[in-house]
Amino acid sequence: MRRTDGGIGHGPGCGRALGSIAVMVLTLAPLAVGGDEVDFDRRVSPVLAMRCLECHGVNTASGGLVLTSAESLARGGDAGEVVVAGKPEESALLERVIADEMPPKRQGQSQKLSEPEIQALRAWIAAGAKWPKGRVIDRDERTTSVRGGRDWWSLQPIARPTPPSPRRTDWVKNPIDAFVLAKLESAGIDPAPQSDRRVLIRRAYFDLVGLPPTIEEVDAFVKDSRPDAYERLIARLLESPHYGERWGRFWLDLARFAETSGYERDQEKPGAWKYRDWVVKSLNDDKPYDRFVLEQLAGDELPDRDEQTVVATGFLRLGTWNDEPNDPQDYKYERLEDMVHATTTAFLGMTVKCARCHDHKFDPIPQTDYYRIAATFWPGPIEPRERELLGGPSSKELDYDVLGWTDVTRTPSDLHLLKKGEHTRPGQVVAPGVLSMIPDLDRPIPPPPADAKTTRRRLTLAEWINDPRHPLAARVYVNRIWQHHFGRGLVSTSDNFGFTGQKPSHPELLDWLAAEFLQGGRKSKRMHYLMMTSSAYQQASSHPEQESNAQKDADNRLIWHGTRQRQDAEALRDAILAVSGRLDLRVGGPSFKPVVSAEALEGLSMKGGGIVPSPPEEQNRRSLYMYSRRGLLAPLMTTFDFCDTTLPCGQRDVSVVAPQALALLNGDFAHEQSDATARRVGAIAGRDASARVRTAWRIVLARDPSAAEATAALRHLDQQKRQFPDASKADDLALASLCHVLINSNEFVFVD
C-alpha cells in the first residue's frame with residue numbers, strides 16, 4: 001500500500017473545533033464499495049466539510065492540500081495525489097483516515113472518523129471519486145453536529161406561521177396565546193390562573209415605567225369595572241414619559257453606556273448624557289426601529305442629519321478609551337473590535353468578534369467577514385489622536401459640539417486581515433462589506449457619491465441590517481422585548497443566536513412576532529401592547545399544580561406561569577425613593593453624581609480626586625440619571641447586579657445574595673429613605689399607631705395590612721419604642737424601623 005507522507009498535512013489546529021462525534025449527521029443507507037453511484041452531496045461533502053476543511057480549506061491548506069473542489073483535489077498535496085479514483089486501497093487520504101492520523105489528535109484525544117464516515121469516503125472513491133461539475137465545498141454551507149452553517153435556524157428567512165388552534169379557545173386573547181397554549185396542551189399542562197388586579201397593575205408599572213403604582217392608582221384600577229380597563233392601563237403607561245426611561249435603560253446596557261473613558265485616568269466623556277436622552281426620547285416617540293438603527297450607526301451620513309442624529313452616533317463613541325496604550329498601533333484594532341462587537345451584538349445577536357483572529361469556530365463567519373464589518377468603521381478617527389478628543393472626531397468634523405462619530409477621510413488606507421489578530425502579521429486587504437452568512441443579502445459596499453463628505457459605509461451597513469429580508473434584526477429585537485416582560489427570551493441567550501446559543505422555545509411564535517413587528521412598521525409600543533395584553537403575560541406567578549408541572553418543565557420554558565422577578569438595581573432604588581416621597585421625576589438633562597462612601601473611595605488610585613457629589617436635592621432623581629463612572633460605579637447599584645459598562649449586555653445577571661440584604665438593612669441610603677418614609681407616614685396618619693401601620697402598608701406596599709400583619713406591626717412598634725431612651729423621638733424612630741422592615745420585605749423587592 002502506497003504512503004505519501006507530507007501529502008496530507010496536520011496543521012496544529014486541525015480538527016480543534018470538531019470534538020468527538022458519537023452520532024453521524026448523515027443518515028447513511030447501505031453503501032456499495034464497487035462502482036455504484038454515490039450521492040456526493042448527501043454522503044461525501046458533509047464529511048469533507050465537517051471533518052476535513054478545518055485544516056484543508058483554501059485559507060489553511062495544511063500540507064498543501066485543499067479539499068474544496070475537484071480541481072484542488074486533483075492537484076493533491078505537497079507530495080502528490082491523495083485520491084486514486086476507483087482504488088480506495090491506493091488513496092493516501094483514506095489511508096490516513098483509517099490510520100487515525102487525519103484528523104489528528106486534539107489534546108491527546110482521537111478525532112477518528114466514525115465507521116459510516118469512512119465507508120462513505122471508501123464507497124465514493126471506489127465509484128470513481130466523482131465530483132459534481134462546478135461544485136465547491138464550503139465549510140459553512142451546512143450545519144453539523146459541531147458548528148452552525150448558513151442553514152442554521154436563525155439565518156433562515158422570517159416566515160409568518162399561521163397560529164395553531166388549541167382546544168381551549170377561552171384562554172386565547174391574541175395569537176401569542178395560541179402558540180403558547182398549543183405547546184402547553186401538547187405537554188399536558190394547564191396555564192396558571194390570571195393574576196389578581198393588584199398584582200397585575202404592579203407588574204405592568206414596573207415593566208413599563210420602572211416605578212411602583214400608588215395606592216390610589218391600585219385602588220382605582222381594582223374598582224374599574226370597564227371590560228377594557230386593563231388595556232386602557234397598558235395604553236396609558238405606554239404614553240408615560242417614564243416609559244422611555246425604563247426601556248432606555250435596557251438599551252443603554254447594550255450600548256455599554258458610561259460617561260467616562262475607563263482605564264487609570266477615567267476621563268469624562270463630555271455630553272455622553274445627551275445620547276442617553278436621545279434614547280429615552282426615541283423610545284417615548286416610538287421611533288421606528290429601522291430609523292433607530294440608522295441614526296445610531298450613521299446619523300451623520302443621513303440626508304436629513306441634524307444635531308440629534310449626530311448625538312445618536314454616540315453609540316459608537318461609548319466604548320472605553322485609553323490615552324496611553326502600550327502599543328498605539330495595536331490599540332487601533334482594539335477600538336475596532338469594540339465597535340464591531342457592540343454593533344453586531346446589539347442589532348444582530350451574533351458573536352462576530354470571535355472571528356477577529358480566525359474563522360469563527362461555531363458560526364458561519366469567516367475571518368474576512370469580521371474585517372469587512374471593521375472596514376466600515378475604519379475611515380473614522382481610529383488612528384491615535386490628540387488626547388483631548390478622547391479618540392473621537394472634533395466638533396468641527398461633526399459640525400456640532402456633541403459626543404458623536406463620523407468619518408474623518410473619504411479615502412481611508414487599506415484594512416488588512418490580521419493573522420491571529422496580530423497587527424504585526426498583516427494578511428490580505430479586505431474591502432468593506434457585510435456578513436456573508438446571509439447569501440441573498442451579501443453585497444459589496446459601493447464607493448460614496450462624489451459629493452458625499454463621508455464614505456457612506458456605515459449607512460450601507462445600517463441599511464443591510466434594516467433590510468426587511470434580514471433574518472436576524474427583527475427576531476433579535478422582539479426577543480429582547482419578550483425577555484424583559486417574561487423574564488427570559490424565547491431565545492434565552494438573547495445576545496447569541498448562533499450555534500452555541502439556545503434554540504428558541506417557541507420558534508413559530510418568535511417568527512410570528514418578528515413578522516408582526518415588520519408588518520406593523522417596526523413600532524415597539526405595539527409589540528409591548530400585544531405581549532402584555534396576552535393571557536400568557538397575565539398569568540399568576542404560582543400555579544395550583546406547581547410541583548407536578550415543575551417535574552415536566554422546571555425552567556418554565558413552556559410559559560405555564562408568570563415569573564417572579566427581583567427588581568433590578570435602578571427600579572429598586574427608584575421604588576425606595578418613590579415611597580419615601582423624595583423621588584424627583586424630572587426627565588432628561590445632565591447626570592447627578594451620587595455620594596460614594598469613603599470605604600469605596602479608598603481603593604481608587606485617585607483617592608477621591610475629582611469625585612464631588614451633586615447637591616442632595618439632585619441625588620433624588622431617577623437612577624437612570626446617575627453619573628456612570630467606569631472606575632467607580634455606585635456600590636449600591638453593583639450590589640444589585642448593575643451591568644458591566646465595558647461590553648454590551650443584553651441580559652444582566654440576577655443574583656440573590658447576602659450583600660444585598662446587608663445593603664438594605666445597614667446601608668445609609670436605605671436608612672435615610674426609611675426615615676423619610678416614616679415622616680411621610682406620620683404626616684398623613686398623625687400619632688395613632690393603628691393609623692400609622694395602615695398608612696405605612698398603603699404607601700410602601702400599596703395595600704392594606706391583614707389583621708395578622710397589623711397585630712405584628714403594632715407589636716413591633718411597641719417593642720422598638722422601648723429601645724430608644726429619648727421618649728420624645730421614640731414613636732417616630734419606631735415608625736422608621738417599621739418602614740425599614742417593609743422596604744426590606746420580599747413583597748417590596750420582588751415583582752410577581
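For reference, positions follow the sequence shown, starting with 1.
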| field | Lys/Arg N to Asp/Glu carboxylate O, Lys281 vs Glu295, below 4.0 Å | value | no
| message | Could you tell me if Thr646 and Asp644 have a donor-acceptor pair between their side chains, going purely by distance under 3.5 Å? | response | yes
| request: Drop me the distance from Leu211's CG to Leu583's CG, to the nearest 0.5 angstrom. | output: 6.0 Å
| Should Thr320 and Asp338 be marked as a side chain to side chain contact (heavy atoms under 4.5 Å, CB included) after you check the CA-CA gap, both sets of side-chain angles, and the distance that decides it? | CA-CA 8 Å; Thr320 58; Asp338 167 71; 5.8 Å; no
| request: Verify, without hydrogens or angle tests, whether Trp247 (side chain) and Asp207 (backbone) share a donor-acceptor contact under 3.5 angstrom. | output: yes
| said: Distance alone, cut at 3.5 Å: any donor-acceptor contact between the side chains of Tyr529 and Glu231? | reply: no
| note | Taken to the nearest 0.5 Å, the spacing of Arg621 CZ from Arg586 CZ works out to 4.5 Å
| task | Please tell me if the side chains of Arg203 and Gln565 come closer than 4.5 Å, counting only heavy atoms from C-beta onward. | result | no
| query | Which atom names give the shortest non-hydrogen contact between Phe748 and Ile743, and what distance separates them? | reply | CD2-O, 3.3 Å
| Considering all heavy atoms, the nearest Tyr243-Leu237 contact | CB-O, 3.7 Å
| request: Could you tell me whether Arg198 and Asp752 make a salt bridge, using a distance below 4.0 angstrom between a side-chain N and a carboxylate O? | output: no
| request: Determine, for Phe292 and Arg522, whether the Lys NZ or Arg CZ falls below 6.0 Å from the six-membered ring centre while staying within 45 degrees of the axis. | output: no
| field | For the student: nearest non-hydrogen atoms of Gly244 and Asn284, plus distance | value | N-OD1, 2.8 Å
| request: Would you give the length of the straight line joining atom CD of Glu259 to atom CZ of Arg629, rounded to the nearest 0.5 angstrom? | output: 11.0 Å
| query | Is any NZ, NE, NH1 or NH2 atom of the basic residue among Asp323 and Arg387 found under 4.0 Å from an Asp or Glu carboxylate oxygen of the other? | reply | yes
| field | Pairing of Asp196 and Arg202 as salt bridge, 4.0 angstrom limit | value | no
| task | Find the distance between CD (Gln267) and CH2 (Trp321) and round it off to the nearest 0.5 Å. | result | 9.0 Å
| What about Tyr205 and Phe221, are their ring centers closer than 6.0 Å? | no
| Can you list every pair that meets side-chain hydrogen bond (donor to acceptor under 3.5 Å, both in side chains) and has a residue in residues 669-682, with sequence neighbours left out? | Ser580-Gln673
| Yes or no on salt bridge (charged side-chain N to carboxylate O under 4.0 Å, His left out) for Arg687 and Asp732, after CA distance, side-chain angles and deciding distance? | CA-CA 9 Å; Arg687 310 303 298 180; Asp732 292 336; 3.3 Å; yes
| request: Compute whether any side-chain donor of one residue and acceptor of the other, for Asp574 and Ser623, lie under 3.5 angstrom apart. | output: yes
| Is it true that Asp568 and Arg249 have a side-chain N and a carboxylate O under 4.0 angstrom from each other? | no
| message | A side-chain contact here means heavy atoms from C-beta on lying under 4.5 Å apart; do Leu742 and Val579 qualify? | response | no
| field | Over 12 foreign heavy atoms within 6.0 Å of CD, Glu617 | value | yes
| message | Could you report the tightest heavy-atom contact between Gly248 and Leu283, atom names first, then the distance? | response | N-CD1, 3.3 Å
| His484 side chain to Leu208 backbone, donor-acceptor under 3.5 Å | no
| said: To the nearest 0.5 Å, what is the distance between CG on Asn322 and OG on Ser261? | reply: 9.5 Å
| request: Report the C-alpha separation of Arg566 and Val654 in whole Å, then their side-chain angles, then the decisive distance to 0.1 Å, and conclude whether the side chain to side chain contact (heavy atoms under 4.5 Å, CB included) test is met. | output: CA-CA 8 Å; Arg566 199 210 70 211; Val654 179; 4.3 Å; yes
| request: Look at the side chain of Asp266 and the backbone N and O of Gly631, then say whether any donor-acceptor pair between them is shorter than 3.5 Å. | output: yes
| task | Examine Phe486 together with Trp560 and report whether their ring centres are nearer than 6.0 Å. | result | no
| message | If the threshold is 4.0 Å, N to carboxylate O, is there a salt bridge linking Asp224 and Arg226? | response | yes
| query | Do you see a donor-acceptor pair shorter than 3.5 Å between the side chains of Tyr625 and Glu618? | reply | no
| message | Tell me whether Thr309 contacts the main-chain N or O of Gly299 through its side chain, where contact means a donor paired with an acceptor under 3.5 Å. | response | yes
| query | For Gln296 and Tyr275, which heavy atoms make the closest approach, and how far apart are they? | reply | OE1-OH, 2.6 Å
| query | Considering all heavy atoms of both residues, which atom of Val209 and which atom of Arg246 are nearest to each other, and what is their separation? | reply | C-CB, 3.6 Å
| task | State, with a plain yes or no, whether a side-chain heavy atom of Arg480 is found less than 4.5 Å away from one of Phe250. | result | no
| message | Does this structure show an ion pair linking Lys525 with Glu239, if we count only N-O contacts that are shorter than 4.0 Å? | response | yes
| query | Passes side chain to side chain contact (heavy atoms under 4.5 Å, CB included), Arg692 versus Asp731? Steps please. | reply | CA-CA 10 Å; Arg692 286 185 162 200; Asp731 281 349; 4.0 Å; yes
| request: Answer yes or no: is there a side-chain heavy-atom contact under 4.5 Å between His528 and His485? | output: yes
| task | Keeping the roles fixed (side chain from Asp286, backbone from Ser524), state whether a donor-acceptor pair exists under 3.5 Å. | result | yes
| said: Measuring from atom CD of Gln567 to atom CG of Asp641, what distance do you get when rounded to the nearest 0.5 angstrom? | reply: 13.0 Å
| Can you find a pair of side-chain heavy atoms, one from Leu513 and one from Ile176, that are under 4.5 Å apart? | yes
| task | Please work out whether the ring planes of Tyr477 and Tyr289 are parallel, tilted or perpendicular, with thresholds of 30° and 60°. | result | parallel
| request: Examine distances only and state if a side-chain atom of Gln720 and a backbone atom of Leu733 form a donor-acceptor pair shorter than 3.5 Å. | output: no
| said: I'd like to know if the side chain of Arg256 reaches the main chain of Phe315, judged simply by a donor and an acceptor atom lying under 3.5 Å from each other, with no hydrogens or angles considered. | reply: yes
| Side-chain donor/acceptor of Asp495 to backbone N/O of Gly650, under 3.5 Å | yes
| request: Please answer whether the main-chain N or O of Val180 pairs with a side-chain N or O of Asp177 as donor and acceptor at a distance below 3.5 Å. | output: no
| said: For Ser655 and Gln660, which I'm curious about, is there any donor-acceptor pair between the side chains at under 3.5 Å? | reply: yes
| For Lys274 and Asp401, what are the C-alpha separation, side-chain angles and deciding distance, and is it a salt bridge (charged side-chain N to carboxylate O under 4.0 Å, His left out)? | CA-CA 11 Å; Lys274 295 180 180 180; Asp401 187 17; over 6 Å; no
| query | CG of Asp688: more than 12 outside heavy atoms within 6.0 angstrom? | reply | yes
| task | Taking the side chain as every heavy atom from C-beta outward, state whether Ile576 and Phe669 have any atom pair closer than 4.5 Å. | result | yes
| Between Ser628 and Arg276, is any side-chain donor less than 3.5 angstrom from a side-chain acceptor? | no
| request: Identify, with sequence neighbours excluded, every residue that meets salt bridge (Lys or Arg N to Asp or Glu O under 4.0 Å) alongside Glu307. | output: none
| Counting distance only, does the side-chain N/O of Thr695 pair as donor-acceptor with the main-chain N or O of Val681 below 3.5 Å? | no
